[in-house]
Amino acid sequence: MTLQRQFESALADAFGKVLGEKTDASVVAAADLRFGDYQSNAAMALAKSRRTNPRELAGKVIEALDLGGLGTADIAGPGFINIRVAPETYARHTAELLADERLGVPAIGDGRTVVIDFSAPNVAKPMFVGHIRSTILGDALSRIARFLGFHVIADNHIGDWGTQFGMILYGWKTQLDEAALAEDPVNELVRIYRAINAATKDDPAVRESCKAELVKLQAGDEENLAIWNRCVELSKQGLQKIYDRLDIRFDHWLGESFYNDRLGPLVEEFIEKGLARESEGAICVFASGELPDEQDPFRIQNKEGWQDNPAIIRKADGGFLYATTDLATVEYRVDEWKADEIWYVVGVPQQLHFRQIFDASRRWGKDAGFRHIAFGSILGEDRKVLKTRSGDNVQLADVLDEAVERAGQVIAEKNPDLENAGEIAEIVGIGAVKFAELSQHRLTDYVFAWDRMLALQGDTAPYLQYSYVRIRSIFRKLEGGFDPASAKLSLHEDAEVHLARLLARYGETVPVLLDDHRPNLLANYLLELARAFHSFFEACPVLKAEPEVRDSRLALCELTSRVLEHGLGLLGIRCPERM
RNA sequence: GCGCCCGUAGCUCAGUUGGAUAGAGCACCCGCCUUCUAAGCGGAUGGUCGCUGGUUCGAAUCCAGCCGGGCGCGCCA
């Protein structure tokens with residue numbers, strides 16, 4: 001059990017004795033080490049509701065408090081209860097964590113099934129930097145949820161059926177370069193897409209031809225279906241290369257096309273059940289009237305007052321849309337996969353869309369714990385959102401290449417004799433890109449800048465990886481064996497105690513990451529841990545210390561390297577042995 | 001017009017859900033490599049947390065109103 005939970009339990013008992021009834025007493029890591037290791041504001045909160053003096057209440061609680069020798073408690077200010085943990089407690093706790101393969105992290109998921117929808121690029125287009133957020137965030141959340149005991153289904157809902165296929169089909173038939181296709185399929189698809197896209201702008205005839213190709217495809221024309229199939233396969237192979245580099249795997253790739261057959265019947269079902277009706281030629285889902293207007297995602301207010309803001313599920317021309325596919329997808333995930341929760345890792349602009357989908361799904365009887373895990377936009381230098389459609393967008397593959405290139409330069413400079421330099425540059429460079437994304441609050445918009453995303457010093461993945469590397473280096477130079485399982489720890493130096501203090505907090509940090517789906521809290525924790533380690537490393541020699549001190553410090557090093565490697569692993573970032 | 005998000009050090013950003021003297025990184029300045037990897041460590045400088053009120057023992061955090069920025073509001077995804 002984490003120290004935090006032990007203190008909460010002891011404090012709850014003490015409050016129970018004093019107040020004569022069961023209460024919860026939350027304990028958090030102290031804001032400032034001068035106040036102790038942990039603090040509780042429970043006395044102030046409880047005194048308020050009971051109209052008693054908080055300091056007095058805190059005093060009685062401290063008298064009744066039994067910390068079992070883990071530490072000492074005192075009162076401060078208006079009624080804070082501060083807990084100071086004894087170094088021996090940290091020493092013992094560190095030894096316990098070394099024997100625990102979960103590193104102190106409780107499994108809170110309880111086997112519940114959660115479907116995570118992330119990345120979802122369009123086929124026949126490369127991934128741009130804009131895709132980085134959903135892809136990396138979604139993967140990290142998948143790893144975290146899995147470790148916390150959820151049954152995770154990672155689903156890549158690729159855009160394999162959009163209207164862009166009209167242009168691609170027409171381009172394929174009129175100007176495909178077979179040699180270029182063999183060389184670099186995705187690039188060739190992009191080339192014809194762009195060429196036709198440009199042509200449609202000033203030639204209505206081309207536009208009509210594209211539309212005709214799309215209609216033929218949707219009607220099941222064999223030739224067009226075969227071309228479409230080929231395009232999707234080639235695109236998937238291209239995407240897989242990037243996912244391999246990013247070390248990302250999906251359990252399913254059920255794209256839009258997978259739900260095609262369901263769309264027509266779904267719309268009919270919605271009409272039959274009175275969930276949707278015709279309006280201006282289109283079939284729309286409107287407000288239920290069950291909610292007050294201000295809570296209803298299908299109603300928004302404007303000059304004329306409350307107005308319907310429907311989700312269109314069938315166009316006037318009979319075509320289906322984004323909302324239709326998303327509803328079919330919900331149905332499949334709830335009925336076939338028995339999803340208890342569905343998380344959508346999609347940008348914040350689509351908030352309204354998801355509120356409508358979630359509400360419509362519930363009224364339809366397809367209920368799950370829906371979560372739109374929104375994130376902010378990546379902006380260009382002009383502070384405008386990077387548009388996927390504009391041609392000057394930066395490709396994700398180029399960002400990765402540049403990151404690895406820069407990491408390679410640093411290695412050549414600092415450690416020219418390093419073996420496997422190429423492989424390590426890949427681990428470091430890609431780690432840097434991932435960490436730049438994950439260390440930030442997900443809702444923050446940011447301007448894309450090479451130097452910022454590819455920084456290798458300061459609060460970055462390489463900083464964390466470097467602390468791991470320093471530890472591995474110690475163990476390589478260690479003569480004779482060391483058995484972490486039988487290590488006896490005694491902590492004397494401030495740097496030792498502080499390192500142990502942070503190691504104890506890993507199990508307190510990981511479970512809260514999913515409260516609001518924020519991996520950046522883990523990034524913050526890991527940076528703090530690595531800072532503590534680097535300070536320790538400078539202040540406390542390990543190999544040259546007396547045998548008992550040495551073993552104690554080796555135990556700290558061992559646990560630190562395990563937590564760093566594990567924590568980075570939850571973010572999808574690997575650790576090299578040397579760098 | 002209505003809704004959502006944002007405004008914190010010169011720059012980029014955190015801030016454990018209302019706690020104590022608001023923290024990191026970058027940049028700048030001063031120190032530290034014959035001792036376990038200097039992608040590092042120690043120190044210095046740097047803030048009216050957009051503005052004004054309110055709620056209370058206590059507000060960067062919650063509420064209201066302004067100012068500034070981003071995004072979204074019927075047949076794209």
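Residue numbers begin at 1 in each chain, while the letters A, B, ... track the order of the sequences.
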One thing to verify: whether A/Arg371 and A/Asp117 come together as a salt bridge, which I'm taking to mean a side-chain N less than 4.0 angstrom from a carboxylate O.
no

Closest to the A/Tyr446 side chain: B/C36, B/C75, B/C13?
B/C13

Base, sugar-phosphate, or nothing: which does A/Phe537 touch, judged by heavy atoms less than 4.0 Å apart?
base

Where the side chain of A/Gln350 is defined as all heavy atoms beyond and including C-beta, which of B/C41, B/G74, B/A77 is the nearest nucleotide?
B/A77

For residues A/Leu543 and A/Leu478, report the shortest heavy-atom separation together with the two atoms involved.
CD2-CD1, 3.8 Å

What's the closest nucleotide to the side chain of A/Val410 if the choices are B/G74, B/C41, B/A39?
B/A39

Side chain of A/Arg355, heavy atoms from C-beta onward: which of B/A77, B/G74, B/G3 has the nearest atom to it?
B/G3

A/Arg531-A/His534 side chain donor-acceptor pair, cut-off 3.5 Å:
no

With a 4.0 Å limit, can you tell me whether A/Tyr463 has a side-chain N or O closer than that to the phosphate oxygens OP1/OP2 of B/C26?
no

Check every atom of B/A39, B/A20, B/G25 against the side chain of A/Met579 and return the nucleotide holding the closest atom.
B/A39

Taking the minimum atom-to-atom distance to the side chain of A/Val542, which one of B/C36, B/A14, B/G40 wins?
B/C36

Can you check the distance between B/C26 and B/A39, where both ends of the measurement are the P atom (answer in whole Å)?
13 Å

Determine the interatomic distance between C1' on B/G25 and the same-named atom on B/A64; round to the nearest Å.
36 Å

Toward the 5' end of RNA chain B, which comes first, A/Tyr322 or A/Arg34, by nearest nucleotide?
A/Arg34

With P as the reference atom in both, quote the distance from B/G19 to B/A60 in angstrom, rounded to an integer.
10 Å

Base B/G42 paired with A/Ser535 side chain (donor-acceptor, <3.5 Å)
no

Quick one: does A/Gln39 reach the base of B/A20 with a side-chain donor-acceptor pair under 3.5 Å?
yes

Using the P atoms only, state how far B/U48 lies from B/U55, rounded to an integer number of Å.
26 Å

So does A/Lys414 get a side-chain nitrogen or oxygen closer than 4.0 Å to the phosphate oxygens (OP1/OP2) of B/A39?
yes

Give the nucleotide from the list B/A14, B/U16, B/C73 with an atom nearest to the side chain of A/Ile300.
B/C73

Between A/Ser439 and A/Arg531, just flag the one whose closest nucleotide in RNA chain B comes earlier from the 5' side.
A/Ser439

So does A/Asn82 reach the base of B/A20 with its side chain, donor to acceptor, closer than 3.5 Å?
yes

With distance as the sole criterion, is a donor-acceptor pair present between the side chains of A/Gln457 and A/Tyr466 under 3.5 Å?
no

Using atom P in both nucleotides, what's the gap between B/U52 and B/C67 to the nearest angstrom?
15 Å

Determine the contact category for A/His353: base if any of its heavy atoms lies under 4.0 Å from a base atom, sugar-phosphate if only primed atoms, P, OP1 or OP2 are that close, otherwise nothing.
nothing

Side-chain donor-acceptor pair under 3.5 Å between A/Glu405 and A/Gln409, yes or no?
yes

Counting side-chain heavy atoms from C-beta on, which of B/G74, B/G72, B/A39 comes nearest to A/Ile411?
B/A39

What's the CE-C1' distance between A/Met167 and B/A77, to the nearest Å?
12 Å

How are the rings of A/Phe354 and A/Tyr344 set to each other: parallel, tilted or perpendicular (split at 30° and 60°)?
tilted

Anti versus syn assignment for B/C33, with syn defined as within 90° of 0:
syn

With rounding to the closest Å, how many angstrom separate the C1' atoms on B/C75 and B/G54?
46 Å

B/U16, B/A77, B/A39: which one has an atom nearest the side-chain heavy atoms of A/Leu321?
B/A77

Can you tell me if the side-chain N/O atoms of A/Lys125 get under 4.0 Å from OP1 or OP2 in B/A77?
no

chi for B/G25 classified (syn = within 90 degrees of 0, anti otherwise) as anti

To the nearest Å, how far apart are A/Phe354 CZ and B/C71 C1'?
15 Å

N or O in side chain of A/Ser377 less than 4.0 angstrom from B/C6 OP1/OP2
no

Test: A/Arg505 cationic atom under 6.0 Å from A/Tyr38 six-membered ring centre, within 45° of axis
yes

Rounded to the nearest angstrom, tell me the gap between atom CZ in A/Phe536 and atom P in B/G42.
14 Å

Of the options B/G72, B/C57, B/C36, whose atoms approach the side-chain atoms of A/Pro349 most closely?
B/G72

Whole-Å distance separating the CG atom of A/Asp459 from the P atom of B/G25
6 Å

Tell me whether the ring of A/Phe80 lies stacked over the B/A20 base, given a 5.5 Å limit on centroids and a 30° limit on the plane angle.
yes

How would you label the glycosidic angle of B/U17: syn (within 90° of 0) or anti?
syn

B/G19 base / A/Asn41 side chain donor-acceptor hit below 3.5 Å:
yes

Integer angstrom distance from the C1' of B/G70 to that of B/A44
37 Å

Can you name the nearest heavy-atom pair linking A/Ala530 to A/Tyr463, along with the distance?
CB-CE2, 3.6 Å

Scan A/Val28 against the nucleic acid and name what it touches under 4.0 Å (heavy atoms): base, sugar-phosphate only, or nothing.
sugar-phosphate

